[in-house]
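To start, the structure itself, in C-alpha cells.
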Amino acid sequence: MPEMPEVETIRRTLVDKVVGRTIRDIDIALPRLIKWPSAGEFKAIVIGKKIIDLKRRGKYLILGLEDKTVIVIHLRMTGRLYYTPAGVQHDKFARIIFNLDNGDIVQYADSRTLGTLYAMPGDELWRISGLAKMGPEPLSEDFTMTYLENGLKKRKGIIKALLLNQQFIGGLGNIYVDECLAIAGIHPARRADSLSEAEVDRLFHAINKVIADGIEHGGTTFRDYRDGTGQSGTHQFHLHVYGRKALPCLKCGAVIEKIETAGRGTHFCPNCQI
DNA sequence: ACAGGAACCTGATAGC
DNA sequence: TGCTATCAGGTTCCTG
C-alpha cells in the first residue's frame with residue numbers, strides 16, 4: 001500500500017508520540033512477519049529499550065532505539081503502523097503489538113500479511129538488501145535532473161517499470177508513478193531512453209511535485225492506508241489518473257484508460273500522454 | 001539488461 | 001444470499 005508520502009506521513013504523525021517511550025513488551029501474533037532475526041531474538045533485542053528517533057528511507061521506517069539498535073519495518077501492500085491509547089480496541093488485523101511504558105500501544109496491522117520487520121544493530125542495515133541498494137529519493141539532494149537524465153539515457157526498458165524500480169528512485173510506487181507520468185504527459189509504456197530533454201525536465205518536476213503534494217495531503221487512502229494515528233489521508237481526492245478508469249481526463253476530457261504495464265495496473269490519458 | 005510470470009498472503013468487491 | 005473470479009498501494013526470485 002504505502003508509498004513514500006504515506007510512509008513519511010506515518011513517520012511524522014508517529015514520531016512525537018513514541019520518541020522517549022520505552023518498549024515494555026511485544027505481542028507477536030504472527031512470527032513469520034519478522035524476517036530478522038528470529039521472533040524470540042527480536043523480542044530480546046528490543047524489549048526494555050527506549051525509542052530515540054523515527055526515520056524513513058524510501059518506504060522503510062526505521063525506529064532508532066538506545067544502544068544504537070534499530071527496528072526496521074516495511075509495510076508492503078497493506079501494512080499499517082499506528083499509535084493507540086490504552087484501552088482502545090485493537091485493529092482487526094493487528095499482528096504485532098508494541099506495548100509502551102505509558103500503557104499505550106503501537107500496533108502493526110496487516111491484512112495480507114506481506115509486511116516485513118527486522119531488528120538489528122544500526123550498523124547492520126546492509127542485511128536488508130532493499131534498503132542497502134535503494135536509489136535517491138524525490139525531493140532529496142541526490143535526486144537531481146542530471147541523475148535522472150543520465151539514468152534514463154542508458155535504460156532501454158519501459159519508463160513505468162524503471163520509475164517503480166527502488167534501486168533507481170527510492171519511494172515511488174504504483175499510484176505516484178502513474179500520477180507523475182500523467183502530469184509530465186508521458187505514456188507509461190515509452191522506452192526510458194526515448195524521452196526528450198523537455199520530457200525529462202517535465203518528469204523531474206512532476207516526480208517532486210507529486211511526492212510533495214502526496215505528503216502535504218497526508219497520503220492516499222484507497223483502502224488500507226492510515227497514518228500514525230489511524231487517520232486516512234486525502235490525496236485520493238487530488239489524483240489525475242490513478243483509479244479513474246473510464247472517467248474523463250481532467251485536462252482534456254478524453255477517457256482515462258487502464259492497461260497492464262510492468263505487471264501492474266496502469267492508468268493514463270491516451271490523449272495527453274504521448 | 002530487460003520482460004514476464006510466479007510467489008508471498010488475505011480480504012473486499014463485482015458479477016452471476 | 002451465496003458462490004466464484006478478480007483485483008489490490010510491494011518486493012523478490014526465476015526463466016527466457
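Proteins get letters first, then strands, A, B, ... in listed order; numbering begins at 1 in each.
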Integer-rounded Å distance: [N] [atom2] and [X] [atom1]:
X	N	atom1	atom2	answer
A/Ile211	C/dG9	CD1	C1'	12 Å
A/Arg223	B/dC9	CZ	C1'	14 Å
A/Ile175	C/dG10	CD1	P	7 Å
A/Tyr176	C/dG9	OH	P	13 Å
A/Arg57	C/dT11	CZ	P	13 Å
A/Arg95	B/dC8	CZ	P	17 Å

For A/Glu260 and A/Arg264: C-alpha separation, side-chain torsions, deciding distance, then whether salt bridge (charged side-chain N to carboxylate O under 4.0 Å, His left out) applies. CA-CA 5 Å; A/Glu260 185 175 310; A/Arg264 313 295 299 276; over 6 Å; no
Pick from A/Leu125, A/Ile71, A/Thr69: which one makes a side-chain contact (heavy atoms from CB on, under 4.5 Å) with A/Met120?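 By the side-chain contact (heavy atoms from CB on, under 4.5 Å) criterion, A/Met120 pairs with just one of A/Leu125, A/Ile71, A/Thr69: A/Leu125.
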Would you mind telling me which of A/Arg191, A/Glu199, A/Glu197 makes a side-chain contact (heavy atoms from CB on, under 4.5 Å) with A/Leu195?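 The passing option is A/Glu199.
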Students often mix this up, so state it plainly: with edges at 30° and 60°, are the rings of A/Phe222 and A/Tyr242 parallel, tilted or perpendicular?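 Perpendicular.
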Measure from the side chain of A/Arg76, starting at C-beta and using heavy atoms only, and say which of C/dG10, C/dT12, C/dG9 lies closest.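 Of all the options, the side chain of A/Arg76 is nearest to C/dG10.
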Nucleotide paired to B/dC9 in any strand shown, Watson-Crick or G-U, under 3.5 Å: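 Partner of B/dC9: none.
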Mark yes or no for a side-chain to base donor-acceptor pair under 3.5 Å between A/Arg112 and C/dA8, with no hydrogen or angle criteria applied.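 Per atom types, the contact qualifies.
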Rounding to an integer number of angstrom, what distance separates B/dA14 and C/dG9 when you compare their P atoms?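 Each nucleotide's P atom is 16 Å from the other's.
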So, does A/Lys258 get its side chain near the phosphate of C/dA8, meaning an N or O under 4.0 Å from OP1 or OP2?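 Answer yes for this pair, as a side-chain N or O of A/Lys258 is under 4.0 Å from OP1 or OP2.
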